[in-house]
Number of protein chains: 2
Amino acid sequence: MISRPRQPTMDQVAEVAGVSRATVSRVINNAASVAPSIREAVQRAITATGYVPNVAARSLVTRRSNSVALVISEPDRPDDHSFLNRIFTDPYFGRVTAGATGALRPHDVHLVVVPTDAADQHQVIRYLRQGHVDGVLLISSNEHDPLPAQVHALGIPAVLSSRPSGPLPVSYVDVDQRAGAALAAAHLLSRGCRELATINGPLDIPAGQERLDGFRSYLGQSSALSIASNALPRHVPAVTGDFTRAGGEAAARALLEAHPAIDGLFVASDLMAEGALRAVQDRGRRVPQDVAVVGFDDSSVALECRPPLTTVRQPVEEMAAEMAELLMAHIDMPGRSPRSVIFQPTLVLRESA
Amino acid sequence: MISRPRQPTMDQVAEVAGVSRATVSRVINNAASVAPSIREAVQRAITATGYVPNVAARSLVTRRSNSVALVISEPDRPDDHSFLNRIFTDPYFGRVTAGATGALRPHDVHLVVVPTDAADQHQVIRYLRQGHVDGVLLISSNEHDPLPAQVHALGIPAVLSSRPSGPLPVSYVDVDQRAGAALAAAHLLSRGCRELATINGPLDIPAGQERLDGFRSYLGQSSALSIASNALPRHVPAVTGDFTRAGGEAAARALLEAHPAIDGLFVASDLMAEGALRAVQDRGRRVPQDVAVVGFDDSSVALECRPPLTTVRQPVEEMAAEMAELLMAHIDMPGRSPRSVIFQPTLVLRESA
DNA sequence: TTGTAGGCGTTATCAG
DNA sequence: CTGATAACGCCTACAA
């Protein structure tokens, strides 16, 4: 059996380079003022010995771990197993991860992905308190999720992925949900649809509520259009889905059952829209000729739908990158006051509407 | 601005409890022999002060981080962005994560998910050398991936998710791929299919190669069957897909174009099978009446297919849990000799075949 | 510009 | 059973 050789320490590098430990430390953290010749000698010693700094020792003194957590909180899912499955299946989280890691790389900071459901939450809190990470990117969509408040109470730097439900002095990044829904409504109207309906997300999730509000209130306001053409329905039919494919399918089925004349459908997520497409087509109705469908997210499933989905695009990667930047700023400047950054969504035209 | 109060240290707890630091340490690590009364007093002091051990200090002395990395390596994907998207979209990785975290929890060990493509590999190596983690669960399917060998050279405890391509003395967990493919072949034959074909995975991935081999060689051997009925085709048509939905669809299209009489199809992954289903149905052929389709993985998409997919099930969660247990054993007993654990797949009957 | 020395918060080895 | 005391590997005043 070959036992693993212990990592070389800074002292060994110093000895090889013929300098003191402090000097080695200086060139590693490229502190100013190290004679070029010495610096070079140290570099050589480092590569010669294969030295790599010990993170534990370093962060013990710097009080920095150089990593941040991406906490994905879904308190509602009781079943841990299906919960993780969902997280790793929903393209949204992949985009967030991609955006965040990209922004973090220049800062030389690692991202630790921490999925959590209700049962885990205290574990997560403990994890954060132990100093594993310097800050938290918190993805929490559920309005009643206690985690944002708890994390804030910890005093650890944090950035949320959407407006916190209560008044919490914390930074967040969000998309203008109402504007996105209005974009969808306007497009459906402009292509001539008059029997509109929507499949909204869970109403205890702000995004679910706001997309519904945005859709309805735009239709309520567009009196110009409603005068120019047939009157719009006073009451826009809506059925609630759960942001899953199956949920979207069931919701669409119910909707078409109750309102067979529907010719325009706004679905609050692409995943649900994919299910809705099936339901619509199962009833023998063509998309977009008979029923036009607009999704939300512009996730990768939008392209896999048939027909490809017209959808409201959130710049998720950019948003995640912005979250990361905000977080780094808070970490580097403790006491910096919280701020929010709101992104405007855009409409991506494909074939479904 | 409220500045965050520093975490209480062990000394403070000791002072509150009226004991020495060493004693506090003992109750925390519940070392043997601490007087019950003292232990209780310390516990009280801990909750009173809200003490949480500092992981950096601890792992500096124990040389343990109490976390392991789940490295997901896909050296082929040049585009980082789509790469992460794929990882977080493929249900397989979610299952792995679920299985591993579940097994790790009792050990009080955290899982750090580290996706990596070719460009990142040296970063990953550096990360591992820095001592962030005590060991590595390495998911690497590509035969030419240099990472397994590099990780092994590091001397850090590691467990692979499949047999390494070269002779590497390292533990791994795998499923009997050939047996799984044979299961599929046997089932298709038994339901009366005689014009069999397969959509195989990339041949530079062992799983891709072995599933193809297993399928073909079972058919070659089943002379009993081929005598009892019409002779089987000597050459079983096969087209290579890339383990994506779109790839499966394209492959199926090509297959049906070249061999319109196909009545039984083995697809080497559920994701590809979902695409294949579309292609088959687009040609106006019914599944399973005209063409029976068997997938591989029993991932969550198998249930979302229509019709729901008959598929070969890998017990992915259990396999990941086994990987985690093997890894913990290696971590706790350095020098333990490597071993492999092979799981037998099963056939899950649904409606597609 | 470089070296010396103290301390970061734990665990672990000893005595007592 | 409990308490000193010495590491663990690094950073950082401070001194030279």
Side-chain angles (χ1 to χ4, degrees), chain A residues 4-43 45-46 49-67 108 126 129-134 332, chain B residues 4-43 45-46 49-67 108 126 129-134 332:
Chain A
R4 170 162 44 135
R6 239 201 196 150
Q7 299 275 6
T9 146
M10 213 157 164
D11 285 299
Q12 321 204 22
V13 177
E15 192 174 340
V16 171
V19 298
S20 80
R21 216 169 44 196
T23 301
V24 175
S25 176
R26 289 191 189 100
V27 350
I28 286 176
N29 304 301
N30 51 51
S33 63
V34 176
S37 63
I38 300 252
R39 169 177 305 258
E40 206 172 315
V42 172
Q43 297 285 20
I46 289 177
T49 55
Y51 170 77
V52 174
N54 176 312
V55 289
R58 173 179 284 178
S59 72
L60 176 56
V61 46
T62 60
R63 301 171 164 292
R64 281 284 200 98
S65 65
N66 285 315
S67 54
D108 231 310
R126 217 179 58 123
R129 292 196 53 195
Q130 286 187 327
H132 279 106
V133 294
D134 301 327
D332 291 333
Chain B
R4 170 161 45 136
R6 241 201 195 149
Q7 299 275 7
T9 144
M10 213 159 173
D11 286 299
Q12 320 204 21
V13 177
E15 193 176 339
V16 170
V19 298
S20 79
R21 211 170 47 198
T23 301
V24 175
S25 176
R26 289 192 189 98
V27 350
I28 285 176
N29 304 301
N30 50 51
S33 63
V34 175
S37 62
I38 299 253
R39 171 177 304 257
E40 205 173 316
V42 172
Q43 297 285 21
I46 288 177
T49 56
Y51 170 76
V52 174
N54 176 313
V55 288
R58 171 179 287 177
S59 72
L60 176 58
V61 46
T62 60
R63 302 170 164 291
R64 280 285 201 95
S65 65
N66 285 315
S67 53
D108 231 311
R126 216 180 60 123
R129 292 196 53 196
Q130 287 186 325
H132 280 107
V133 294
D134 301 327
D332 290 334

- When all nucleic acid strands are considered with a 4.0 Å heavy-atom cut-off, which category describes B/Thr23: base, sugar-phosphate, or nothing? sugar-phosphate
- In terms of side-chain heavy atoms of B/Thr9, which of C/dG9, C/dC8, C/dA12 is nearest? C/dG9
- Choose from C/dG9, C/dT4, D/dT2 the nucleotide whose nearest atom is closest to any side-chain atom of B/Leu60. C/dG9
- Query: If every non-hydrogen atom of B/Thr9 is compared with every non-hydrogen atom of B/Tyr51, which pair is closest and at what distance?
  - Reply: C-CE1, 3.7 Å
- Item | Nearest to side-chain heavy atoms of A/Val61, which nucleotide of C/dC8, C/dT13, C/dT11 | C/dC8
- Can you check the A/Gln7 CD to D/dC10 P distance for me, whole Å? 10 Å
- Query: Side chain of A/Arg58, base of C/dG9: donor and acceptor closer than 3.5 Å?
  - Reply: no
- Mind checking A/Ile28 for me? I need base, sugar-phosphate or nothing, with any heavy atom below 4.0 Å counting as a touch. nothing
- Message: Rounded to whole Å, please give me the gap between CD1 in B/Ile46 and C1' in C/dT10.
- Response: 14 Å
- Flag if over 12 foreign heavy atoms under 6.0 Å of CD, A/Gln130: yes
- Task: Would you kindly give the CZ-to-C1' distance between B/Arg21 and C/dC8, to the nearest whole Å?
- Result: 12 Å
- Query: Taking atom types as they are modelled, is there a donor-acceptor pair under 3.5 Å from the base of D/dG9 to the side chain of B/Arg63?
  - Reply: no
- Between P of D/dC10 and CG of A/Asn66, the distance in whole Å: 15 Å
- Message: Quick check: do B/Val42 and B/Arg39 have side-chain heavy atoms less than 4.5 Å from each other?
- Response: no
- Task: Taking the side chain as every heavy atom from C-beta outward, state whether A/Arg26 and A/Ile38 have any atom pair closer than 4.5 Å.
- Result: no
- So does B/Ser25 get a side-chain nitrogen or oxygen closer than 4.0 Å to the phosphate oxygens (OP1/OP2) of C/dT11? yes
- Starting at CG of B/Asp11 and ending at P of C/dT11, how long is that distance when rounded to a whole Å? 12 Å
- For the pair A/Arg126 and B/Asp108, find out whether any cationic side-chain nitrogen is under 4.0 Å from an anionic carboxylate oxygen. yes
- Note on the structure: Contacts of B/Ala35 and A/Met10 projected onto DNA chain D by closest heavy atom; the upstream (5') one is B/Ala35
- Quickly work out the B/Tyr51 OH to C/dG9 P distance and round it to whole Å. 10 Å
- Here the distance between atom P of C/dT10 and atom CG of B/Asn29, to the nearest Å, is 11 Å
- Message: From CD of B/Gln130 over to P of D/dG9, roughly how many Å is that when rounded to an integer?
- Response: 15 Å
